[in-house]
Colleague: 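Questions regarding the structure given below will be posed in turn.
Atoms within each ligand, like the ligands themselves, are counted from 1 in listed order.
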Amino acid sequence: MKKKTILITGANGEIGHTLLEVLSSQGHSVVAIDLNPMSDVHEALCEEVILGNILDEDVIRSAEKYDVDEIYHLAALLSTSAERNPEQGHRVNVEGTLNFLQLAYRMGKRTKNSVKFLFPSTIAVYGIPSLADKLDIGKVSEDDCLMPMTMYGVNKLYNEHLGRYYSELYKRLSPELETGFIDFRGVRFPGLISAFTVPTGGTSDFAPEMIHKAAQHQPYNCFVRADSQIPFMAMPDGVRALMELAAAPSDSLTRRIYNIGAFAPTALEFSHLVQAAFPNAVINFVPDEKRQGIIDSWPSDVDDSAARQDWGWFPEYDLKRTFDEYLLPNITNRYA
Ligand code: SER
């Protein structure tokens, strides 16, 4: 396999850690960007760690010296955080993405290559007006219900279009050909569950929080109703999905953005599994009306048939395997 130079923004986040571990184990050279210092273990896996904000020109200049094959642009403010500070959400999520699309464009032009730009989009791009509609609609396809109810969802949906624009249309009125320098591809992630990190600022966080609290013998007040249902995925599958989409031949792709699904339990079903694993776990449902509203606007599940057909997407972790083989051993070990 050709060794690639790969830039990861938000490398110190949930997805970033696992992605960095997998990419470096394959021998690729990884340049990482994050606001916060990495652990020594993760820093040792990187060619360079650029500490700073994705809105900062110095950070972008530091990354620009590399001839990058792929960019995984993970840095973002998640849905609850962006809802609490919408303007900052817009700056980080939209202006930050624009900065890195422009960087990818300049890198591609300089190296006369197409830089692959991997983008984690989200189920938050969907917006379903009522719970009754949510139950009625069931699984959503990529082009349905695109009426996001959060700043984060609005930002991510717009970014999907920005990526398409930079890949196919950027500077199309200029005399020389300016397209072909970016190959933008993305997945719409369900809620991701990691055994190693607890997410911050998301609205799907109730599931990972529930299990991490139980493993630490702490009671948990779940901020959504027991019947709340959205899709989830184990982190190893999420990272594999991004990497498999990156590796897919262009001519097999019929779209730039794909749904990917794995399992979609209710919060109650999830709590039963947590309680089976940690019999002393105390889980109460104490819905927060506002965060509940966000969850109710997200689909109960996604139709991922396009990803399955075009690039062979298949989740390796169903809910049971996620608990038995990924979460329980690793989380128990982590808090032992
Ligand atoms: N996990 C994200 C959030 O809750 C959704 O993509 O914001």
Colleague: Heavy-atom distance under 4.5 Å between the side chains of Leu146 and Tyr126, does that happen here?
Modeller: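 In short, these two side chains touch, coming nearer than 4.5 Å.
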
Colleague: Using atom types as modelled and distance alone, determine if a side-chain donor or acceptor of Arg291 lies under 3.5 Å from a backbone N or O of Gly202.
Modeller: yes

Colleague: Would you please determine whether Ile123 falls within less than 4.0 Å of ligand 1 on a heavy-atom basis?
Modeller: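 No, Ile123 has no heavy atoms under 4.0 Å from ligand 1.
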
Colleague: Looking only at protein heavy atoms, identify the closest one to atom 4 (O) of ligand 1 and say how far it is in Å.
Modeller: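 Nearest neighbour among protein heavy atoms for atom 4 (O) of ligand 1, to 0.1 Å: Thr203 N, 2.6 Å.
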
Colleague: Knowing that exactly one of Ile230, Val286, Ile295 qualifies, which makes a side-chain contact (heavy atoms from CB on, under 4.5 Å) with Val224?
Modeller: Ile295

Colleague: Run the side-chain contact (heavy atoms from CB on, under 4.5 Å) test against Asp56 and tell me which residues pass, sequence neighbours left out.
Modeller: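 In terms of side-chain contact (heavy atoms from CB on, under 4.5 Å), with neighbours along the sequence ignored, Asp56 is linked to Asn53, Asp58, Val59.
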
Colleague: Just by distance, no angles: are the side chains of His42 and Glu21 close enough, under 3.5 Å, to form a donor-acceptor pair?
Modeller: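 Their side chains do contain a donor-acceptor pair, which is all the 3.5 Å distance test asks for.
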
Colleague: Within the structure, does Ser79 bring an N/O atom to less than 3.5 angstrom of an N/O atom in ligand 1?
Modeller: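 Between Ser79 and ligand 1, an N or O pair is found under 3.5 Å apart.
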
Colleague: Inspect the contact between Asp183 and Arg256 and indicate whether a charged nitrogen and a carboxylate oxygen are less than 4.0 angstrom apart.
Modeller: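 Looking at Asp183 together with Arg256, the answer is yes, because their closest N to O distance falls below 4.0 Å.
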
Colleague: Less than 3.5 Å between some nitrogen or oxygen of Asp205 and one of ligand 1, yes or no?
Modeller: no

Colleague: Are any of the N/O atoms on Trp298, whether in the backbone or the side chain, positioned under 3.5 angstrom from an N/O atom of ligand 1?
Modeller: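 There is no such contact.
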
Colleague: Under 4.0 Å from any heavy atom of Tyr152, which atoms of ligand 1 are there?
Modeller: 5 (C), 6 (O), 7 (O)

Colleague: Suppose I only count heavy atoms of Thr122 and a 4.0 Å limit; which atoms of ligand 1 are within that range?
Modeller: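 Every atom of ligand 1 under 4.0 Å from some heavy atom of Thr122: 5 (C), 6 (O).
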
Colleague: Heavy-atom pairs closer than 4.0 Å: do any link ligand 1 to the side chain of Ser204, the backbone, both, or neither?
Modeller: both

